[in-house]
There are 2 protein chains.
Amino acid sequence: MTIEKEYSTKLAVGEVTIDRRDIEMLDAIDRHGSMHKAAEQLGRSYARLQNRVVEIEDAVGPITERQRGGSGGGGTTLTQTAHELCHQFGRHEAELDGVARVTESVFPGTVQDRTGELATVETAIGSILALVPDGAHEVQVTVRSDAVVLTDPDEAPSADETSLRNQFRGTVMALEPGEAITGVTVRLGADSELQALITNASSSRLGLEVGQSITVSFKATAARAIRLESDYSA
Amino acid sequence: MTIEKEYSTKLAVGEVTIDRRDIEMLDAIDRHGSMHKAAEQLGRSYARLQNRVVEIEDAVGPITERQRGGSGGGGTTLTQTAHELCHQFGRHEAELDGVARVTESVFPGTVQDRTGELATVETAIGSILALVPDGAHEVQVTVRSDAVVLTDPDEAPSADETSLRNQFRGTVMALEPGEAITGVTVRLGADSELQALITNASSSRLGLEVGQSITVSFKATAARAIRLESDYSA
DNA sequence: CGACGTTGTATCTTCATAGATATATCGCCG
DNA sequence: CGGCGATATATCTATGAAGATACAACGTCG
């Protein structure tokens with residue numbers, strides 16, 4: 001059975017939380033210049049829609065300029081605030097979409113030293129410096145494939161010169177070239193693999209081939225651990 | 001007014017989508033060994049809870065072993081499948097949490113050449129290679145601060161040797177040291193700043209100081225653009 | 001000055017979700 | 001063999017979100 005990662009994007013601003021439906025509403029108002037037409041196009045009742053606009057404005061401040069009477073009977077336009085809300089929502093959604101799309105590599109391990117939110121986790125592939133939740137001991141470290149940097153081992157900068165704190169040596173096991181991006185699977189230990197996403201250009205620049213030795217790096221701030229003895233008590 | 005990024009985590013598996021409430025339910029069942037006690041602890045009705053378990057199992061397959069009668073009257077334990085579901089949910093949530101926590105830097109620009117999902121975007125700080133949605137022209141490129149790599153300019157590897165396709169030169173404007181992680185603000189152009197998160201260790205290793213010249217890099221697969229002429233029509 | 005197409009409200013209905021309650025079933029154990 | 005504490009299930013009710021409907025208010029324009 002396949003499990004798909006899903007999410008729903010929200011922005012908490014003041015007292016209200018704005019979801020996709022609200023953004024679609026604002027977008028429709030913007031495109032049609034009136035709340036009535038927006039309601040019609042979205043197939044929802046004008047009353048509720050207008051109500052929601054007021055509700056949001058009560059918490060956020062003016063997001064519309066509403067005019068009644070006048071030529072055409074009036075209309076509603078969005079304020080700059082509303083447009084910025086939409087953009088911010090779009091950016092947030094793009095980031096979340098990235099999370100849901102991208103594959104992750106998982107390494108079980110045990111927490112060793114901790115400093116603040118960071119800790120070293122002992123895993124099958126060695127020590128990983130990662131963000132570790134408070135009080136966790138047995139954890140899984142996850143690394144997003146779009147955060148993994150590949151380097152030619154001969155040219156690899158020593159970890160001293162960059163902020164890439166995790167660096168491992170591995171062997172390219174598989175290449176899945178796409179139109180612009182190649183998925184790379186790197187074997188790091190007996191049973192451990194790490195996936196990376198790189199541009200096709202980088203792939204050919206590095207001369208990637210199956211069987212090749214390669215250096216993989218990722219930032220500590222991009223490696224996140226979750227505790228295995230999960231406790232979801234609210 | 002402050003806008004906070006929120007989200008809600010979900011896993012779509014088969015016909016049902018599992019949310020945090022479901023995971024909390026499974027966790028409570030696991031801890032108490034019975035659905036009745038779980039319902040009581042969660043303050044929800046046994047009937048609905050039991051119903052939900054059946055609902056999930058209809059779609060996902062066995063996630064519990066339920067026994068009635070016997071010593072103690074019976075009880076319910078979770079299957080391995082259920083535990084894996086919880087872990088996967090935890091990992092997914094950790095990633096989303098990362099998105100909501102981390103700051104992002106935004107660069108408006110216009111799309112130039114495109115190959116598949118990738119395109120170069122002309123911005124105030126120069127060309128950025130990023131993931132760009134289909135058909136977009138005017139965009140905002142966002143870069144997560146945990147994806148930015150800092151390098152000593154003298155030692156910076158040429159872009160030829162790594163899969164870090166975006167590389168810029170800048171000046172450190174601000175340092176916000178935390179317990180384990182330092183937030184770094186780098187000025188890249190007249191009006192453009194990029195934020196990065198690095199470990200304190202990396203910060204001191206690089207000898208970071210305000211005013212210092214520094215090289216920032218990030219992967220094309222970690223830079224995401226959203227269209228400015230947003231169209232949220234469903 | 002009246003028509004028109006808006007915005008602004010108020011009220012009723014519909015629907016889905018979940019709690020409340022009651023009852024049946026099960027199977028070990030004293 | 002009855003009690004206990006669980007699972008299993010059906011029915012009623014409470015609640016909240018949203019649609020349906022109706023009507024008042026507004027202001028430009030013909």
Side-chain angles (χ1 to χ4, degrees), chain A residues 8 10 12 15-79 82 234, chain B residues 6 8 10 15-79 82 234:
Chain A
S8 63
K10 290 167 194 165
E15 296 295 298
V16 291
T17 83
I18 290 166
D19 61 11
R20 184 161 229 289
R21 197 164 192 253
D22 294 321
I23 298 295
E24 279 167 7
M25 174 180 77
L26 292 181
D27 189 50
I29 293 173
D30 189 38
R31 284 206 313 277
H32 293 96
S34 106
M35 288 160 66
H36 256 115
K37 283 181 193 150
E40 186 189 13
Q41 191 239 318
L42 294 174
R44 50 184 294 197
S45 73
Y46 168 80
R48 292 291 311 169
L49 185 145
Q50 194 269 356
N51 231 297
R52 180 63 181 161
V53 169
V54 173
E55 211 172 302
I56 295 177
E57 289 200 320
D58 282 350
V60 174
I63 56 169
T64 57
E65 276 175 14
R66 292 170 294 185
Q67 198 173 15
R68 56 181 179 179
S71 85
T76 300
T77 57
L78 297 190
T79 64
Chain B
E6 293 197 345
S8 63
K10 290 168 196 164
E15 296 295 300
V16 290
T17 84
I18 289 166
D19 60 11
R20 185 160 228 288
R21 197 164 192 251
D22 295 320
I23 298 296
E24 279 167 8
M25 174 181 76
L26 292 181
D27 189 49
I29 293 173
D30 190 36
R31 285 205 313 277
H32 292 94
S34 103
M35 287 159 61
H36 256 115
K37 284 181 192 149
E40 186 189 12
Q41 191 240 318
L42 293 175
R44 50 185 294 200
S45 72
Y46 169 79
R48 294 290 311 169
L49 185 145
Q50 193 269 356
N51 231 297
R52 180 62 181 161
V53 169
V54 172
E55 211 172 302
I56 295 177
E57 289 201 319
D58 282 351
V60 174
I63 57 169
T64 58
E65 275 175 15
R66 292 170 294 184
Q67 196 173 16
R68 57 180 177 180
S71 85
T76 300
T77 57
L78 298 190
T79 64

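Letters go in sequence order (proteins before strands), and every chain restarts at 1.
Separating the OG1 atom in B/Thr76 from the CG atom in B/Leu49 is a distance of 9.5 Å, to the nearest 0.5 Å. Separating the CG atom in B/Leu78 from the CG atom in B/Leu26 is a distance of 5.5 Å, to the nearest 0.5 Å.
At whole-Å resolution of the value, NE2 in B/His32 and P in D/dG5 are 16 Å apart. If you take CE of B/Met35 and P of C/dG19, they are 13 Å apart, rounded to a whole angstrom. For the pair B/Gln67 CD and C/dT25 C1', the computed distance is 14 Å after rounding to whole Å. Going from atom CZ of B/Arg68 over to atom P of D/dT9 covers 7 Å, rounded to whole Å. Atom CG of B/Leu42 and atom P of C/dA20 are 14 Å apart (whole Å).
Put simply, A/Lys37 has no side-chain N or O that comes within less than 4.0 Å of OP1 or OP2 on C/dG5. Between A/Arg66 and C/dG8 there is a side-chain N or O to OP1 or OP2 distance below 4.0 Å.
Taking the charged nitrogens against the carboxylate oxygens, A/Glu55 and A/Arg52 do have a contact shorter than 4.0 Å, which makes a salt bridge.
Residue A/Gly72 is in sugar-phosphate contact alone, with no base atom involved, counting any heavy-atom pair closer than 4.0 Å across all strands shown.
Remark on DNA chain C: of its neighbouring residues B/Gly43 and A/Gly33, the 5'-side contact belongs to A/Gly33, judged by nearest-heavy-atom nucleotide. Of the residues near DNA chain D, A/Arg21 and A/Gly69, the one whose nearest nucleotide (by heavy atom distance) lies more toward the 5' end is A/Arg21.
In this structure, A/Thr79 and A/Pro62 approach most closely via the heavy-atom pair OG1-O, 3.2 Å. Minimum interatomic distance between B/Ala28 and B/Gln41 (heavy atoms only, all atoms of both residues): CB-OE1, 3.8 Å.
Of all the residues in residues 44-64 of chain A, A/Arg44, A/Ser45, A/Ala47, A/Arg48 reach under 4.0 Å from DNA chain D with at least one non-hydrogen atom.
In the model, B/Glu57 has a side-chain atom that pairs as donor or acceptor with a side-chain atom of B/Thr64 under 3.5 Å.
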